[in-house]
Amino acid sequence: MNTRILTTLAVGGLLAATAACGAQSLDGGNSDAAASAPAVVLDQAPAEEKAADVINAINPDEELAAKAPASLKSGGLKVVSSIGYPPMELYASDGKTAIGFDPALARAIARKLGVKVTITDEEFNSQIPGVLTGRYDFVISSMSDTPERQGQVTFVDYVQAGAALLVKKGNTAGINGPKDLCGKTVSVVDNGSSMELAESYDADCKKDGKPAVDVLKFPGDTEAMLQVGNGRAQATVTDYVVAAYKTADPKLGMEAIALDGTAAPWGIGMKPDNTQLIDSVKGALDSLIKSGEYANLLKAWNLDALAVESAVVNGGK
């Protein structure tokens, strides 16, 4: 017997019991028992999920749950992500359970809608096609909301993510922004967006008649960050989410400085004609923001600076 049938029988029995004792029915919305009883046994967050306590404390929003697509109530919320970009998406120690901020938010949305959730790992370029064919309900995978992608999916934007500087803890070099990089050495990933930013800061320094930025280029983030640790560079440029994850490790002795003007929205992508789902996800995110649960999810992963004030549809420009 499946969960949906069991739930129906349970609700029927409860209705009979409340009618017999003269209490309000579930439809009346005034029964404390009815208000606290979820339609299904909701998923518990994995033990290694940093936001587990926050997620497990989230109760369904009855109004949102009632308006959620029937497919979610019967089959659960089917989510796709690309696991391997901490702290946004990573595997727990078992090598198969998705944790990180994106899975945490997906689980939080599911609980707010009163449904179960499954999270599947797919290669990044397969995610939007999977949503469009109906294999998945939505993609949440550190995906930038861009006009080009808006031609395929509709986004509900959930964070504003940009670039950051990583400096040694204590910031003895006194670097608080791009203008403080003049005359300093900066390490970057070669041929990436961080290199482009560093070179633009170098050009600005020269334009203002200040000492140039010495840009050191390396194959990856790890090599670039090591230069700050060993003192060869005073800062490295990287994605803010990566910087935040590194600063959470006390062994590394780093601190992050968000770079103003680099932030852009990342969105939860859905099939454009699935308006009921889009409205449900937007409503769930707004509810999480209003309750403070969204802020607590971000805080658990040291990502407070990514917060949005409301759920915006297709905010990427």
Side-chain angles (χ1 to χ4, degrees), residues 2-4 6-7 35-83 88-92 96-122 127 130-131 134-143 153-159 266-271 274-298 300-301 311:
N2 64 34
T3 303
R4 189 177 183 185
L6 284 170
T7 304
S36 63
V40 296
V41 178
L42 298 178
D43 296 315
Q44 295 292 298
E48 290 181 48
E49 166 58 57
K50 291 185 178 182
D53 290 345
V54 180
I55 296 167
N56 293 338
I58 295 172
N59 293 314
D61 181 302
E62 289 188 353
E63 185 176 349
L64 290 172
K67 295 178 180 178
S71 61
L72 268 60
K73 299 172 186 177
S74 61
L77 179 66
K78 299 185 290 293
V79 176
V80 62
S81 192
S82 183
I83 313 302
M88 300 304 289
E89 313 99 12
L90 63 154
Y91 279 122
K96 60 182 181 180
T97 302
I99 59 174
F101 181 73
D102 283 351
L105 185 59
R107 292 183 173 105
I109 288 172
R111 287 186 68 93
K112 191 64 73 171
L113 296 177
V115 300
K116 298 181 78 65
V117 60
T118 57
I119 301 171
T120 303
D121 180 22
E122 284 270 16
Q127 294 173 352
V131 169
R135 184 177 180 188
Y136 306 111
D137 295 306
F138 71 58
V139 51
I140 181 167
S141 191
S142 305
M143 185 174 285
V153 295
T154 294
F155 287 105
V156 171
D157 298 332
Y158 66 103
V159 292
W266 288 355
I268 299 169
M270 289 159 281
K271 199 173 180 180
N274 199 345
T275 55
Q276 188 179 11
L277 176 65
I278 294 166
D279 289 344
S280 291
V281 171
K282 183 181 185 302
L285 180 54
D286 273 328
S287 179
L288 290 165
I289 292 171
K290 185 177 180 180
S291 68
E293 292 159 327
Y294 165 80
N296 289 334
L297 293 173
L298 285 168
W301 284 99

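Side chain of K78 to backbone of T118: no donor-acceptor contact under 3.5 angstrom is found. Distance alone, capped at 3.5 Å, places no donor-acceptor pair between the D137 side chain and the L77 backbone. Side chain of T97 to main chain of A92: no donor-acceptor pair is present (N/O by atom type, distance under 3.5 Å, no hydrogens or angles). Between the side chain of S280 and the backbone N or O of Q276 there is at least one donor-acceptor pair closer than 3.5 Å.
For the side chain to side chain contact (heavy atoms under 4.5 Å, CB included) with S81, the lone residue among E89, E122, M143 that qualifies is E89.
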Is there a side-chain contact (heavy atoms from CB on, under 4.5 Å) between I119 and R107? Walk through the geometry before answering. CA-CA 9 Å; I119 301 171; R107 292 183 173 105; 3.9 Å; yes
I58 vs L42, side-chain contact (heavy atoms from CB on, under 4.5 Å): CA-CA, chis, key distance, verdict: CA-CA 10 Å; I58 295 172; L42 298 178; over 6 Å; no
Go through the steps for L113 and L72 under the test side-chain contact (heavy atoms from CB on, under 4.5 Å), then give the verdict. CA-CA 9 Å; L113 296 177; L72 268 60; 4.1 Å; yes
When you look at I268 and I109, which way does the side-chain contact (heavy atoms from CB on, under 4.5 Å) test go after all the steps? CA-CA 11 Å; I268 299 169; I109 288 172; 3.8 Å; yes
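Considering all non-hydrogen atoms of both residues, V80 and Q127 come closest at CG2-CG, 3.8 Å. Considering every non-hydrogen atom in both I99 and P103, the closest pair reads O-CG, 3.3 Å. The two residues L90 and G100 come nearest to each other via the heavy atoms CD2-CA, 3.8 Å. Nearest heavy-atom pair across A51 and A104 is CB-CB, 4.4 Å. For W301 against E49, the heavy-atom pair with the smallest separation is NE1-OE2, 2.6 Å. Contact detail for M270 and F138: the closest heavy-atom pair is CG-CB, 3.4 Å.
Considering CG of L105 and CG of L288, their distance stands at 6.5 Å, rounded to 0.5 Å. From Y158, atom OH reaches atom CG of L285 across 10.5 Å, with rounding to the nearest 0.5 Å. Here the straight-line distance linking atom NZ of K282 with atom CG of D157 works out to 10.5 Å at 0.5 Å rounding.
You'll find the side chain of T275 stays beyond 4.5 Å of the side chain of T154, heavy atoms only. Counting only heavy atoms from C-beta outward, the side chains of V153 and V139 never approach each other to under 4.5 Å. Side-chain contact between D102 and W266: absent, with no pair of heavy atoms (C-beta onward) separated by less than 4.5 Å.
A salt bridge does not link K112 to D61: none of the charged nitrogens lies less than 4.0 Å from a carboxylate oxygen. Salt bridge absent: D286 and K290 never bring a charged side-chain N and a carboxylate O closer than 4.0 Å. We find that E293 and R111 are not joined by a salt bridge, their nearest charged nitrogen and carboxylate oxygen being 4.0 Å or further apart.
Note: F101 and Y294 have perpendicular aromatic rings, judged against thresholds of 30 and 60 degrees for the angle between ring planes.
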